[in-house]
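Shown next, in structure tokens, is the structure this report addresses.
Counting starts at 1 for both ligands and their atoms, following the listed order. Quantities reported herein were computed from a predicted structural model and do not represent experimental measurements.
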Amino acid sequence: MKFTTSILFCFGSLSSTLALSIAEINGPAFISPYKDQTVANVTGLVTAVGSSGFYLRDLPSVKKPKKLDGSSAIYVYGSSSAKQVAVGDVITLSGKVEEYRSNDLYIPLTEITGARDILKVSSGNTVEPIDLSKLKIPTEQYSKLDDGNIFGVPNNQALISVVNATLEPKKYGLDFWESLVGELVYVKDPAALGKTSNYGDVWVRSKSWKATGLNKRGGLTISASGNDKKTDANPEAIVIGSPALDNTRNPSNIKLGDTLGPLTGVVTYAFGFYRIIPTTALTVTNSATSDYPATSLKSSGSCSGLSVGQYNVENLTPKSAHIPGIASHIVNKLNSPDLLFLQEVQDNDGTTNSGTVSANETLSTLISAIAEAGGVTYNFVDISPSNNQDGGAPGGNIRVSYLYNPSILSLRNPNPGDATTAITVSKGLKGVPELSLNPGRIAPAEAAWTASRKPLVAAFNVKGSSSPLFTINVHFGSKGGSSSTQGDARPPINGGVEDRLAQATLLKNFVNDITAIDANAKIIAAGDFNEFPFVAPMLVIEDNKFRNIDEVAGIKEEERYSYGYDGNCQQLDNMFVSKGVWKGRGVRAYEHVHVNTWAGNEQVSDHDPAVGILDVC
Ligand SMILES: *[C@@H]1O[C@H](CO)[C@@H](O)[C@H](O)[C@H]1NC(C)=O
Ligand SMILES: *[C@@H]1O[C@H](CO)[C@@H](O)[C@H](O)[C@H]1NC(C)=O
Ligand SMILES: *[C@@H]1O[C@H](CO)[C@@H](O)[C@H](O)[C@H]1NC(C)=O
């Protein structure tokens, strides 16, 4: 490598040095070798101009030194500089190289600030974007520092900005996008990977790029596959920022699966992600339907074909505007499951911080709405938490609850527990496991549940069956405090994972308490685990006796999703079934019902529900 430029500062005089190419300024790694240094007479072609800066690319005549895989373009920050140039100008300038980030969790962006001595060499030159479909975009791994698993625990073991590894753009997604930072690029055939965000951002892939994890809807699902369980978190997805360089804004109603018009834009990094700022806002060329078809799964009306659903109903209160929408989903899309595991039911006065903890009006209001929509008249089961002890929005006292069809299920020997009493299991008559409380909560005093929902255990008698059905409804601690998939920390910070690990252990211990008494006990644990099925906490729960129903039902990996986030379809909502349920084809069918991930900004809840048909006789 010929880095003649290293003499630049030994002489301490700018006028006696050779000018650097932009590729040399960017260098071979994430952090510029000229960080915080002044560079003079940098020559380049202006490829795009925004209101607070412009984008400069090495001239075609500049030969990129071998093994220099960084970008040949750079952002020149400053609104007054931007006013002095136009697209197609070839200019020279001097300025300071900076590594900018607005938050320590982000990867720094190399840019030139304080540009001066801007000289126009020529104007009206042709500007061609780089066609990304001509490049090989990594589709699975983000960074070498993730060691094959972006969801690895422990996480935050290394920082991109500190390790400053040499870029390997053919292998790793972050390296790929870093190698294009500042470039003007062209995206052929873009398709939306989620809904327009509150900021107007839209995640896309291109139908002309290779993709892994592609689901039927056209989204990208994260997964772990292969013998080595390497995770695939879809670095081929890229966010398209808003406003565009011309200040137009992306449509606010884009949704997963929409086909978009081709776009040209500049690659940059902001708010935790590499992104393309388009020259002009996105257009929708084909709008996908937001209407997910009703499930074909139906209850048989007895234990041989019990329908069991789950739904995170997103901060439901008696006054929620989305109650009719939730009720309609339960009736018209889920066929009124016999048993429903709900999460995020708030107390009767919602987030009013009044000391009210009961949710009987919230649940009664939902039950009435379901009946009005032509569904089953359900009964409910819940236990109110101690005021403000279970996390969620302050004053809301969210909890998990069951709805059940009283013509098919009944609570077995009801003996309701309270917020603070731990449920236990003992051997009853004929060796049947019996609960000390019904319903009851698992180990509520354990530190693992601080500011989090405690699992709600119940035992039901099911029509046609002589043995109890045990259920555990969960809503594990949130992922708050996580860093982005494209952040500085590797693997990214998975907020709350230690709590979820401890919660998973308590849950599994309880399951084991039941199966120790009856290895064939019928147990279903379901809800919002706030974790993907292949990440550490879930692996504590899953074993060959207590299995994830997606595995048992053979749902294709790409179709396992219940949530859309940062360009990825992902599964936070899971259901586990004991051997007593899954053996002998006890799991007849299972379906993630994508009523919300498909609905764009018209979604009723942020999570999709799911429903299964189980033989629990
Ligand atoms: C930069 O350009 C100016 C004007 O052409 C010249 O006088 C100066 O020597 C150049 N400096 C370097 C470092 O090339
Ligand atoms: C980053 O790596 C480049 C290339 O190896 C090196 O020149 C530069 O000094 C490094 N910067 C930091 C902050 O480590
Ligand atoms: C809720 O519970 C309170 C206290 O037990 C009772 O007075 C009220 O009628 C209940 N409301 C509904 C809608 O069931």
* Donor-acceptor pair between Asn332 and Ser328 side chains, under 3.5 angstrom -> yes
* Asked: Short list, please: which atoms of ligand 3 are under 4.0 Å from a heavy atom of Glu361?
  -> 11 (N), 13 (C)
Show the distances, to 0.1 Å, for all pairs joining an N/O atom of ligand 2 and a protein N/O atom that are shorter than 3.5 Å, listing one pair per line.
unit_1	atom_1	unit_2	atom_2	d
ligand 2	2 (O)	Asn164	ND2	2.3
ligand 2	11 (N)	Asn164	ND2	2.8
ligand 2	14 (O)	Asn164	ND2	3.0

* Asked: Taking only residues two or more places apart in sequence, or in another chain, which ones meet Glu236 in a salt bridge (charged side-chain N to carboxylate O under 4.0 Å, His left out)?
  -> none
* Okay, side chain of Arg453, backbone of Ile398: is any donor-acceptor separation there less than 3.5 Å? -> no
* Any sub-3.5 Å donor-acceptor pair from Asn596's side-chain atoms to His607's backbone N or O? -> yes
* Asked: Any idea which heavy atoms bring Asn164 and Ala29 closest together, and the distance?
  -> OD1-CB, 3.0 Å
* Over all atoms of both residues, closest heavy-atom pair of Gln486 and Ile107 -> O-CD1, 3.4 Å
